[in-house]
Amino acid sequence: MRLSRYFLPVLKETPAEAQVVSHRYMLRAGMIKQASAGIYSWLPLGFKVLRNIERIVHEEQQRAGHIPMLMPTLQPADLWRESGRYDAYGPEMLRIRDRHERDMLYGPTNEELITDIFRSHVGSYRDLPLTLYHIQWKFRDEIRPRFGVMRGREFYMKDGYNFDLTREDALHAYNRHLVSYLRTYERMGLQAIPMRAESGPIGGDDTHEFLVLAETGESEVFYDSEITELKFGAREIDYDDRAQCQAVLEEFTSRYARTDDTHDEAAFHDQVPEPRRRSARGIEVGQIFYFGTKYSEPMGATVTDQDGNRVPVHMGSHGIGVSRLVGAIIEASHDERGIIWPEGVTPFHCGIVNLRQGDEATDTACESLYAGLAALGLEPLYDDTEDRAGAKFATMDLIGLPWRITVGPRGLKNGVVELTSRRTGESEELSPEDAVRKVAEIYAPHHDMAMQQPMPQRAFHTWM
Ligand code: 5CA
């Protein structure tokens, strides 16, 4: 993309309404615009990051064997009357009446709708296990929407639902989700700690939330410093292998970690030696639940088991805050000049800054860098405007592309351009060809991660 043809409405002033750094930078970098309280338009740069996060979530869900679909945002109230949640949900639910006086609602979550789909089409234990998921807008009329996209009223969420014959099978689905989430967040450059949590309005006994450590987090977290040193890394997981999933889960959750809701100070002191005890604030970027037959019983979602008996299925639901993650990643990765995108989610792979727009040699070198990166499947953002160098650098720093190639007549005389890391600020002089090669090498692991087998449903790459 050429900046002269893009839509990147950056702001010079710091918007007064933004209390946290991610909200400030998202407004300043022209990523979002508020439409009304807690409801945002995603401008092109923000939309690209949102799509990148969504793509990683899709890939990792499908790698774990979960099946994508799409349910609507508007739901009939009657389904929620069946589960008993229509009244229980309270004023956070946006209730709407259509022209036929039918009660509708803007879905805050989809347990009822998916259970209805299941009971209409699945009748035998032979069709299990089954996990369906979608990524769709949700609405919760939060009393205090704040922090931009981190606590919106309208927000984008991945929600997945498993259907299993037995409690053991459903617990494997739970474990499989936990493990796949570890890999998902790590690909986004995040360390998300799984913590045992309270279940709230979703219900159930077993639940973990995933927290990203950041000063602006809404919950206090107590943890063993060893847990933040654990890495999922390149390990290959067979998601059908129960023992393997259980082992990974134990590795990550046996290290003590609790939120303020579930913190047991005496246990914390017993289990974690003094020098390893930490407390910090955390942003919740996902939550998984096992709730057994809480929805399947009242809604009649049953299957025939091996003995021919009708039994309610065991279920769980599993959410990732896709739009919240855009803010959470910025909270975890920024400095005083702006955002620092992790390579896995960056809106453009590399910036190109032309220091002397209109100088023939400089323009030609920029064009060939642009073409070279594009030929390797990378997407550069080329600042081809007439702005001063200082303003170009400030914009690149603000929007946070992890790599920048700076091209000027002086360097070109010696056959070099400058490759700069946004994270460390370190620069290196390279020939243009080597700069392209180096950027491609940096992104190679991220490309591999996306393409790696097993990917049961590669076709969805084409629509994103
Ligand atoms: N049905 C279950 C799992 S699919 C569910 O709704 N879980 S949840 O309530 O925990 O939401 C899942 C994730 O959505 C949360 O972990 C959080 O990251 C995100 N989320 C929840 N509320 C908001 C909000 N108001 N704004 C932005 N993201 C939110």
Side-chain angles (χ1 to χ4, degrees), residues 20 22-23 26 32 34 37-40 42 50 53-54 57 61 66 69 71 73 75 80 83 85 89-94 106-115 131-163 173-174 177-178 180-181 184-185 188 190 192-204 206-212 214 216-219 259 261 282-291 294-295 315-332:
V20 296
S22 59
H23 191 192
M26 287 184 76
I32 51 169
Q34 183 176 302
I39 305 179
Y40 293 88
W42 291 78
L50 188 70
I53 292 171
E54 180 181 13
V57 172
Q61 284 302 301
H66 307 158
M69 61 178 294
M71 290 177 270
T73 53
Q75 305 182 16
W80 289 67
S83 73
R85 279 208 296 182
Y89 217 94
E92 273 200 8
M93 179 186 278
L94 180 64
Y106 195 125
T109 176
N110 283 56
E111 281 81 3
E112 284 77 0
L113 210 57
I114 195 82
T115 305
T131 296
L132 299 167
Y133 78 92
H134 74 160
I135 303 182
Q136 176 62 293
W137 294 96
K138 303 293 186 291
F139 198 92
R140 293 182 191 170
D141 208 348
E142 303 268 353
I143 191 158
R144 251 187 352 133
R146 57 186 183 147
F147 301 165
V149 301
M150 297 242 283
R151 182 164 294 282
R153 293 198 295 164
E154 190 186 48
F155 61 97
Y156 205 39
M157 178 169 109
K158 170 260 162 180
D159 41 324
Y161 304 87
N162 69 284
F163 300 91
Y174 182 92
H177 277 89
L178 192 147
S180 77
Y181 279 24
T184 303
Y185 295 121
M188 297 174 190
L190 290 174
I193 307 179
M195 312 247 175
R196 192 161 283 289
E198 300 278 312
S199 63
I202 310 291
D206 265 306
T207 178
H208 276 87
E209 43 186 51
F210 288 77
L211 295 177
V212 170
T216 43
E218 289 190 290
S219 13
T259 63
D261 294 337
I283 301 168
E284 181 201 317
V285 292
Q287 187 161 5
I288 57 176
F289 302 86
Y290 165 73
F291 45 67
K294 176 179 161 145
Y295 299 90
M315 293 174 59
S317 72
H318 314 277
I320 293 182
V322 174
S323 52
R324 175 178 290 183
L325 272 162
V326 181
I329 291 169
I330 298 172
E331 292 294 333

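Indexing begins at 1, ligand by ligand and atom by atom, following the structure's order. Values below: all heavy atoms of this structure, side chains included; hydrogens, waters and symmetry mates excluded.
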Tell me every residue that passes ring pair (Phe, Tyr, Trp, His ring centres under 6.0 Å) with Y133, counting only those two or more places apart in sequence or in another chain.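 Y133 satisfies ring pair (Phe, Tyr, Trp, His ring centres under 6.0 Å) with H58 once adjacent residues are dropped.
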As an exercise, identify every atom of ligand 1 less than 4.0 angstrom from a heavy atom of [X].
X	result
V285	16 (O), 18 (O)
G286	16 (O), 18 (O)
D159	4 (S)

E284 to ligand 1: N or O pair under 3.5 Å?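 Yes; the residue has a nitrogen or oxygen that sits under 3.5 Å from a nitrogen or oxygen of the ligand.
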From the options [options], select the one whose nearest heavy atom is closest to [atom].
atom	options	result
atom 10 (O) of ligand 1	Q287, M150, R146	Q287
atom 25 (N) of ligand 1	E142, R151, R140	E142
atom 7 (N) of ligand 1	F289, F291, F155, Y161	F289

Run the contact test for S323 against ligand 1 with a 4.0 Å cut-off on heavy atoms, strictly below, and give the result.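 Under 4.0 Å: no for S323.
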Check for me whether V149 has a heavy atom closer than 4.0 Å to any atom of ligand 1.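 Per 4.0 Å heavy-atom rule, V149 contacts ligand 1.
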Which is it for L113 and Y161 under the side chain to side chain contact (heavy atoms under 4.5 Å, CB included) test, yes or no, and what are the steps along the way? CA-CA 11 Å; L113 210 57; Y161 304 87; over 6 Å; no
Test of understanding: given a 4.0 Å heavy-atom threshold, classify the contact between [X] and ligand 1 as side chain, backbone, both, or neither.
X	result
F210	neither
E111	side chain
M157	side chain
T109	side chain

Euclidean distance, E209 CD relative to M195 CE, rounded to 0.5 Å: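 Taking CE in M195 and CD in E209, the distance rounds to 8.0 Å.
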Regarding E218 and R151, does a basic nitrogen lie under 4.0 Å from an acidic carboxylate oxygen?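 Salt bridge between E218 and R151, a charged N being under 4.0 Å from a carboxylate O: yes.
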Describe, in one word, how the ring planes of H23 and Y40 are oriented to each other, choosing from parallel (under 30°), tilted (30 to 60°) and perpendicular (over 60°).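 Perpendicular.
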Describe, in one word, how the ring planes of H318 and H177 are oriented to each other, choosing from parallel (under 30°), tilted (30 to 60°) and perpendicular (over 60°).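 Aromatic pair H318/H177 classed parallel.
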Minimal non-hydrogen separation, S22 against E331, with atom names: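 In this case the closest contact between S22 and E331 is OG-OE2, 2.6 Å.
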For P194 and H208, work out which heavy atoms get closest and say how close.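 Nearest heavy atoms, P194 then H208: C-CD2, 4.1 Å.
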Residue that, paired with Y290, satisfies side-chain contact (heavy atoms from CB on, under 4.5 Å) out of D206, N162, T207: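 Single side-chain contact (heavy atoms from CB on, under 4.5 Å) partner of Y290 among D206, N162, T207: D206.
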